[in-house]
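Order of listing sets the numbers, starting from 1, for every ligand and every atom in it.
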Amino acid sequence: MLYKYTPFPLVHPPHNFISIKPLTAYKNTYIYSQMAPSFDNESSLFNFVVRDGNGVKGIVDSGISKVPQAYIQPHAEQIDKKSASKCEFPPIDLSKLDGPDHDEVVNQIVRAAETLGFFQVVNHGVPVQLLDSLKQTAHNFFSLPAERKAVYRKEVSPSPLVKYGTSFVPEKERALEWKDYISMAYTNDDEALQQWPIECRDVALQFLKTSHEMVRNLLEALLGNLGEELDDSKIDAFIGKKMVNMNFYPTCPNPELTVGVGRHSDMGTLTILLQDGIGGLYVKVPEDVDMEKKGEWVEIPPIPGALVINVGDMLQIWSNGRYKSAEHRVRTTSTKSRVSIPIFTSPLPTQKVAPLPQVVKKDGGARYREFVFSNYMNSFFGNAHDGKKSLEFAQINSN
Ligand SMILES: O=C(O)CCC(=O)C(=O)O
Ligand SMILES: [Fe+2]
């Protein structure tokens, strides 16, 4: 329907009735995607945010002053900014892998994977200019009118490789996450260039390509330490599947009540994460490691030009629990929207996964059972984020 633009709703609304700004302007005529929903009515909120693809961004653009009830986390999940300290570890300089300090750098990588499961790297081979373009591209993409993004909702996406969405599994969550995202799965260059959204495809593909050697080097170091040599024939078994996401965390009027992403570990092998300068990524120091601050949340501080690396569940399983896929979460902020761009690497869906035999032998037993990766994926995406529960799918209980 076309309406003449009027700055006020035509009908006087009830007090919790929020008017939506016009989505598209054409000359002086504005197109309204729908009448304003009540954000405190769960089904109209769900329809507006999820079904119609307006996302959290759409709620914020409507000018709310308090987060809708559906986004208010249970008290235990709310993030107290003041109680977390910063992770002080310096970033690992990957250029030194090529020189006399090779072994020392491998030790740093292994030690980080065995303790926090998170570390930062510099001189990683991804051009710093590209990192800036990626962040700008993410902002530009999420500034598009809702209908331009909504074409990639999973129910209607023209490509099985591309998915635009919000929160994690909205249908299953007790409280929604304050995040919109676009997800681009990689099969080959041609399909990426044809099917990924034109606004993001070039920089996303360059990110994937320029980071490949680093991922390989990191994996070589981590697997080498487990007595597993990484040659070309094994690459697909460990990182045959790759996906680039762009996450958008709009400004939030009540950051203390919400989360950008709830507690979770990543499902795959290694995640390469580009975060912007805003901060708010927290990692829980595992309880079972020789480290200070066990069980506490530490913030991974933004370092210009650096990338964040974290261990995923598969690497924890192959290493029979030696490497930690650490639990992490993201805070929201009231002043600026935040973007992050992760590359998720994982085995191919058909791959069988189990702890590496040489590690099991050393440890005197397997802590995880063998499974096909696609089954793990189904379990992971079939449940709301809940800390490290995802690993229970494969865990062998010792009692
Ligand atoms: O935005 C971030 O810093 C982290 C996002 C994240 O954990 C994820 O996408 O899995
Ligand atoms: Fe994550």
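The pair E77-R174 fails the salt-bridge criterion, with no side-chain N (NZ, NE, NH1 or NH2) lying under 4.0 Å from an Asp/Glu carboxylate O.
Grouping Ile, Leu, Val, Met, Phe, Trp and Tyr by side-chain contacts under 4.5 Å, direct or through others, leaves I198 on its own.
Among residues two or more places apart in sequence or in another chain, the salt bridge (charged side-chain N to carboxylate O under 4.0 Å, His left out) test is passed with D202 by none.
Closest approach of G262 to E177, counting heavy atoms only: N-OE2, 2.9 Å.
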Once you restrict both partners to nitrogen or oxygen, which atoms of ligand 1 have a protein partner under 3.5 Å, and how far apart are they?
| unit_1 | atom_1 | unit_2 | atom_2 | d |
| --- | --- | --- | --- | --- |
| ligand 1 | 1 (O) | Y249 | OH | 2.6 |
| ligand 1 | 1 (O) | R338 | NH1 | 2.9 |
| ligand 1 | 1 (O) | S340 | OG | 2.7 |
| ligand 1 | 3 (O) | R338 | NH1 | 3.3 |
| ligand 1 | 3 (O) | R338 | NH2 | 2.9 |
| ligand 1 | 7 (O) | H264 | NE2 | 3.2 |
| ligand 1 | 7 (O) | H328 | NE2 | 3.0 |
| ligand 1 | 9 (O) | N247 | ND2 | 3.2 |
| ligand 1 | 10 (O) | H264 | NE2 | 3.1 |
| ligand 1 | 10 (O) | D266 | OD1 | 3.3 |

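More than 12 non-hydrogen atoms from other residues, nucleotides or ligands lie less than 6.0 angstrom from CZ of F393. Counting heavy-atom neighbours within 6.0 Å of K234 NZ, excluding the residue itself, gives a total above 12.
Centroid-to-centroid, the aromatic rings of F380 and F168 come within less than 6.0 Å.
Under the 3.5 Å distance criterion, with hydrogens and angles disregarded, no donor-acceptor pair is assigned to the side chains of D190 and Q194. There is no side-chain donor-acceptor pair under 3.5 Å between S38 and D40.
Within the protein, the number of N/O/S atoms found under 2.8 Å from the Fe ion (ligand 2) is 3.
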